[in-house]
Amino acid sequence: MHETPKTHERARVLTGDRPTGPLHLGHYVGSLKNRVRLQEDYEVFIIVADVQALTTHLKESGHIKEATKEVCLDYLAVGVDPNATTIFVQSQVPEIAELTVFFSMLVKLSFLRHNPTIKTEALEKGLGEDLTYGFFGYPISQAADITFLKARLVPVGEDQIPHIEQTREIVRKFNRLYGPVLVEPKALVGDVPRLIGLDGKLKMSKSYNNAIFLKDPPELVRRKVFQAVTDPARIHPTDPGHPDICTVFAYHKVFNEHEVPEIEGSCKAGKLRCVDCKANLSSTLNRFLEPIRAKRNAFAEQDGLIWDILGEGTRRARAIGSQTLSQVKEAMGLSYFPKQSPQRVP
Ligand code: TRP
Ligand code: SF4
């Protein structure tokens, strides 16, 4: 009988999110679904980037802990398996901060200044003169997130590619200067589909207020779907519709594939009322979300479970981090003391 080798080394993958609120359908379609699939063949790590969340939520830092819990519940609800995937919290891995400091010496300001994602984000948020060192430099910290683990693959959306490029540049420079310690990661940009907002905006996003969250109760999902924009030219139900410009139709295409030809046909023929089409979509979405909600609640009810999972994941990440940092310092010639024996309490 042919046995699958269990011992072969699986490539290490790192992805992550800033904990700024619960996750929505756009996250599911764009990344969560992929993560659940990846955990079968790769050694997956997920970073809850709470330090990076400070770049935009400095004054709301008191909410970050709750958001961290929410995000972690969303992971588990969609099927991330804490036994297969390591979920950890950025601020609790001091080795990341340490590595960031070393990396900050390697990165030229001129390079950082040209990062298009930082430019766009700073502009979108109107940061101008308020731009902080931490915001401007978060790609360096992100490079540390990736490299302290020696991750090979980083599944990300297109906007993150400049950060991965920057990471690769840092790794090459480090290894050139000090020897081959770090691993140059690759961005894994699969067909990461983007879910448009309910308002027809290009992207579903909490900040645009156009999102359906994975934890939204059925009635709220329904209400949100009924507010979605459809074909604006359609005044009477018998007017022929243009599904290609309709938000509701875009959602049918993602979540209700098998009914798409029929919906498209009857919409174009003026035989499908938008209210019925929306009612169909909201039931479809609720059918999809029901098991996710149930799983989420089951995890949420087990007091302290999330913190146990994150605590264990963070311990695992730290163990790797402390090894990498020893190697990094050794390579740089910054290793001073004999191997530390367990500390004695005086
Ligand atoms: N910058 C990412 C985002 O906003 C989050 C993130 C932080 C991340 N550290 C990471 C993603 C490391 C991949 C790898 O979505
Ligand atoms: Fe959109 Fe459906 Fe109305 Fe056609 S019937 S315009 S697809 S909501």
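When a ligand or atom number is given, it counts from 1 through the structure's own listing order. Positions are given from 1 along the sequence.
The side-chain tip of Lys33 does not point at the ring of Tyr28 from less than 6.0 angstrom away and within 45° of straight on. Both tests hold for Arg18 against Tyr138: distance to the six-membered ring centre under 6.0 Å, angle to the ring axis within 45°.
Neither the backbone nor the side chain of His163 has a heavy atom within less than 4.0 Å of ligand 1.
Below 3.5 Å of separation, one finds an N or O of Gln142 facing an N or O of ligand 1. At under 3.5 Å, not a single nitrogen or oxygen of Thr15, backbone or side chain, sits near a nitrogen or oxygen of ligand 1. Here's the thing with Arg18: one of its N/O atoms is less than 3.5 angstrom from an N/O atom of ligand 1.
Atom CZ of Arg234 has more than 12 neighbouring heavy atoms from other residues, nucleotides or ligands inside a 6.0 Å radius. For CZ of Arg168, the number of neighbouring non-hydrogen atoms (other residues, nucleotides, ligands) closer than 6.0 Å is greater than 12.
Atoms of ligand 1 lying under 4.0 Å from any heavy atom of Gly16, numbered from 1 in the order shown and given with element: 5 (C), 11 (C), 13 (C). Set against the non-hydrogen atoms of Ala49, the atoms of ligand 1 under 4.0 Å away are 7 (C).
Under a 4.0 Å N-O distance rule, the pair Asp239/Lys268 does not qualify as a salt bridge. Ion pairing between a basic and an acidic side chain is recognised when a charged N comes within 4.0 Å of a carboxylate O; Arg172 and Glu169 show such pairing.
With respect to atom 9 (N) of ligand 1, the closest heavy atom belonging to the protein is Asp145 OD2, 2.8 Å. Here the heavy atom of the protein found nearest to atom 2 (C) of ligand 1 is Gln160 OE1, 3.3 Å. Val154 CG1, 3.7 Å is the protein heavy atom nearest to atom 13 (C) of ligand 1. Scanning all protein heavy atoms for the shortest distance to atom 5 (C) of ligand 1 gives Gln52 OE1, 3.6 Å.
Taking a cut-off of 2.8 Å, the protein N, O or S atoms nearer than that to atom 4 (Fe) of ligand 2 are Cys267 SG.
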task = Give the C-alpha distance, both sets of side-chain angles, the deciding distance and a yes or no for side-chain hydrogen bond (donor to acceptor under 3.5 Å, both in side chains) between Asp145 and Gln90.
result = CA-CA 8 Å; Asp145 297 342; Gln90 189 183 31; 2.9 Å; yes
His163 and Asn115: CA distance, side-chain angles, deciding distance, side-chain hydrogen bond (donor to acceptor under 3.5 Å, both in side chains) verdict = CA-CA 8 Å; His163 303 344; Asn115 185 314; 3.1 Å; yes
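Listed here is the closest heavy atom pair of Leu289 and Phe213: CD1-O, 4.5 Å.
Hydrophobic clustering (ILVMFWY, side-chain heavy atoms < 4.5 Å, transitive): Met105 and Leu109 are in distinct clusters.
Contact of the Pro155 side chain with the Leu38 side chain is registered, since non-hydrogen atoms from C-beta on lie closer than 4.5 Å.
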